[in-house]
Amino acid sequence: MNSLIKKDYLYYFDTNAIYYYCGENADGFDIEKFRLDMKAMPNKILPSCVYQEMIVKYRNDTDELGRMLTILATDNFKIAPSQYDFLGDEFTYEMDIDLKKAIESQYKKKIDNEARLIYLIIYSVSMVFTRILGVHEGIKDVDKFMRVFVTESINSIEQDKLNFIKEELEKAYEIDDTENVVKKLYNDICFEYCTMAYAFAYGIKNISSDGKCHKDIDEYMNDPFTKKLLRYKNAFNEFFEKFNKNHKDIIEEAKIEIPSFFTKRGYTLEQGEFIKSKLEKWLLHKAKLEKNDIYDMFFMFGFSDYSASSFNAYAGTNIVKNDIKLLSFDGRTKNFIGTFSKSSVDIVDGYKIEP
């Protein structure tokens, strides 16, 4: 048995760890030993985000889905939320393997939760750009500029954008193209919000004494900065890289503020830190929002005081946050997990097969 594992720990399984537990093999790891060791652990968690990933992937192969869920239920896995409202009133920790019911309910919940997080990330990135734009354009009171822009331009269309994201995700899941669709949503809505921000700033800069903008639409469309924005309509991540590199100080400030922005909206500190780790890549290194970013964000919820206290209330245990171990065999996910729970990574690496 792996010397790093303890029966007092609470183990949260990533999607790949669940698939390996249920029979898939992984190059470079002793998966059979991993299965045997974990089977003996009493506190094993199937996060609801992983549960939903399984349901979406195998919704047309109920035999395989049923096989895996039966293994997990037999081996005493419990379902735990990956966000406060992830399973809503139905949340009980007990596994329900009524496949028809599970597919119908969790498929919709998955899309709804992903859409809300995608929108919040796009909104956050766009607001950082809006602040950079206000400074770039020499607006005296940038904070006021942002408040008025959000109130007058963004709030009124927020629900429409959220509904649009949901609709696009539903279509994407039907044709198994979520990765490309998430990237396109990120590009297109960032472009729309950022061009709206510049139009708002343009109007403020060119307002006359009567309170009206003295520039017409043709002049706005021929404005050099407007033309630059439009050139990058289909590759706005490249515009971000070119424009934002001269405003790294604002991005550094945003990285400090972003965790609290997310915690105030019900996400954990670790989830806020995850977004912080991505922000510079999105704004300075041409990275686009990826589907895996959304999943990883939900999975990180497992490492929280809420997860520990909620499970304790259910199981009568005395687990603290540091007793929670997030098990992932994915390199990128492991790297981030290692920033706050090196012991989780060490457990997984303990199953590596030495060459």
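Side chains of Glu114 and Tyr173: a donor-acceptor N/O pair is present below 3.5 angstrom, by distance only. Side chains of Asp223 and Tyr198: a donor on one and an acceptor on the other come within 3.5 Å. Side-chain contact annotation: Tyr202 with Thr226, donor-acceptor N/O pair under 3.5 Å absent. Between the side chains of Asp160 and Asn163, no donor-acceptor pair of N or O atoms lies under 3.5 Å. Inspection of the Asn237 and Tyr186 side chains reveals no N or O donor paired with an N or O acceptor under 3.5 Å. A donor and an acceptor atom, one from each side chain of Asp14 and Tyr295, are located under 3.5 Å apart.
A donor-acceptor distance shorter than 3.5 angstrom exists from the side chain of Thr339 to the backbone of Phe336, with no hydrogens or angles considered. The backbone N or O of Ile337 sits nowhere less than 3.5 Å from a side-chain atom of Ser341 that would complete a donor-acceptor pair. Thr263 places a side-chain N or O within 3.5 Å of a backbone atom of Ser260 that can act as its donor or acceptor partner. Remark: the backbone N or O of Ile319 is not paired with any side-chain donor or acceptor of Asp323 at under 3.5 angstrom. In this structure a side-chain-to-backbone donor-acceptor pair under 3.5 Å is present from Asn2 to Ile347. For the pair Asn244 (side chain) and Phe240 (backbone), a donor-acceptor distance under 3.5 Å is present. Side-chain N or O atoms of Gln271 include one that pairs as donor or acceptor with a backbone N or O of Thr268 at under 3.5 Å. Between the side chain of Arg131 and the main chain of Met127, no donor-acceptor pair closer than 3.5 Å is present. Listed for the Asp30 side chain is a donor-acceptor partner under 3.5 Å among the backbone atoms of Lys33. With Ser153 contributing its side chain and Val150 its backbone, the two residues share no donor-acceptor pair below 3.5 Å.
Under the 6.0 Å cut-off for aromatic ring centres, Phe239 and Phe236 qualify, their centroids lying closer than that. Aromatic pair Phe303/Tyr12: centroids not less than 6.0 angstrom apart. Between Tyr20 and Phe13, a ring centre-to-centre spacing not shorter than 6.0 Å is recorded. Aromatic pair Phe29/Tyr351: ring centres not closer than 6.0 Å.
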(message) Between Asp75 and Tyr21, is the side chain to side chain donor-acceptor pair (under 3.5 Å) condition met? List the steps.
(response) CA-CA 10 Å; Asp75 289 354; Tyr21 187 92; 2.7 Å; yes
(request) Walk me through it: do Lys291 and Glu53 pass the test salt bridge (Lys or Arg N to Asp or Glu O under 4.0 Å)? (result) CA-CA 12 Å; Lys291 179 62 170 58; Glu53 288 287 325; 3.5 Å; yes
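Minimum heavy-atom separation, Ser344 to Ile324: OG-O, 4.0 Å. Nearest heavy atoms, Ala308 versus Lys321: CB-N, 4.0 Å. Annotation for Ala254 and Val128: closest pair CB-CG2, 3.7 Å, computed over non-hydrogen atoms. Minimum interatomic distance between Ile122 and Leu185 (heavy atoms only, all atoms of both residues): CD1-O, 3.7 Å.
Residues meeting the salt bridge (charged side-chain N to carboxylate O under 4.0 Å, His left out) test with Glu167, sequence neighbours left out: none.
The number of heavy-atom neighbours closer than 6.0 Å to CG of Asn155, taken from other residues, nucleotides and ligands shown, is above 12. A 6.0 Å sphere centred on CG of Asp27 holds no more than 12 heavy atoms belonging to other residues, nucleotides or ligands. Environment of NZ in Lys184: sparse, with no more than 12 heavy atoms of neighbouring residues, nucleotides or ligands closer than 6.0 Å.
Put simply, CG on Leu65 and SG on Cys22 are 10.0 Å apart, with the number rounded to the nearest 0.5 Å. In this structure, CZ in Phe164 is found 6.5 Å from CD1 in Ile189, a value given to the nearest 0.5 Å. Here Asn113 contributes atom CG and Met297 contributes atom CE; the two are 12.0 Å apart, rounded to the nearest 0.5 Å. Atom OG1 of Thr130 is separated from atom OH of Tyr123 by 8.5 Å, given to the nearest 0.5 angstrom.
Cluster membership for Leu36 and Met41, using ILVMFWY side-chain heavy atoms within less than 4.5 angstrom, is not shared. No single ILVMFWY cluster, assembled from side-chain heavy atoms under 4.5 Å apart, contains both Phe329 and Ile353. Val320 and Phe340 fall into different hydrophobic clusters, where Ile, Leu, Val, Met, Phe, Trp and Tyr residues are linked whenever their side-chain heavy atoms come under 4.5 Å apart, directly or through other members. The same ILVMFWY cluster, assembled from side-chain heavy atoms under 4.5 Å apart, contains both Val56 and Phe299. Tracing side-chain contacts under 4.5 Å through hydrophobic residues (I, L, V, M, F, W, Y), one never reaches Ile258 starting from Leu269; they form parts of separate clusters.
Between Lys183 and Glu179 there is a side-chain heavy-atom pair separated by less than 4.5 Å. Residues Ile157 and Tyr193 form a side-chain contact, since some pair of their non-hydrogen atoms from C-beta on lies under 4.5 Å apart. In this structure, the side chains of Ile55 and Lys110 stay at 4.5 Å or more apart for every pair of heavy atoms. At a threshold of 4.5 Å between non-hydrogen side-chain atoms, the residues Leu120 and Tyr267 count as touching. Contact annotation: the side chain of Ile18 approaches that of Met54 to within less than 4.5 Å [non-hydrogen atoms, C-beta and beyond].
Taking the ring axis of Phe77 as reference, the NZ or CZ atom of Lys44 stays within 45° of it and closer than 6.0 Å to the ring centre. For the pair Arg147 and Phe145, the cation-pi test (distance below 6.0 Å, angle within 45°) is failed. In this structure, Lys325 fails the cation-pi test against Tyr11, since its NZ or CZ atom is not both closer than 6.0 Å to the six-membered ring centre and inside 45 degrees of the ring normal.
A salt bridge between Lys281 and Asp293 is absent, with no side-chain N of the basic residue lying under 4.0 Å from a carboxylate O of the acidic one. Taking a cutoff of 4.0 Å between a charged side-chain nitrogen and a carboxylate oxygen, Asp296 and Arg332 qualify as a salt bridge.
Between Phe243 and Phe129, the ring-plane angle classifies as tilted under the 30° and 60° cut-offs.
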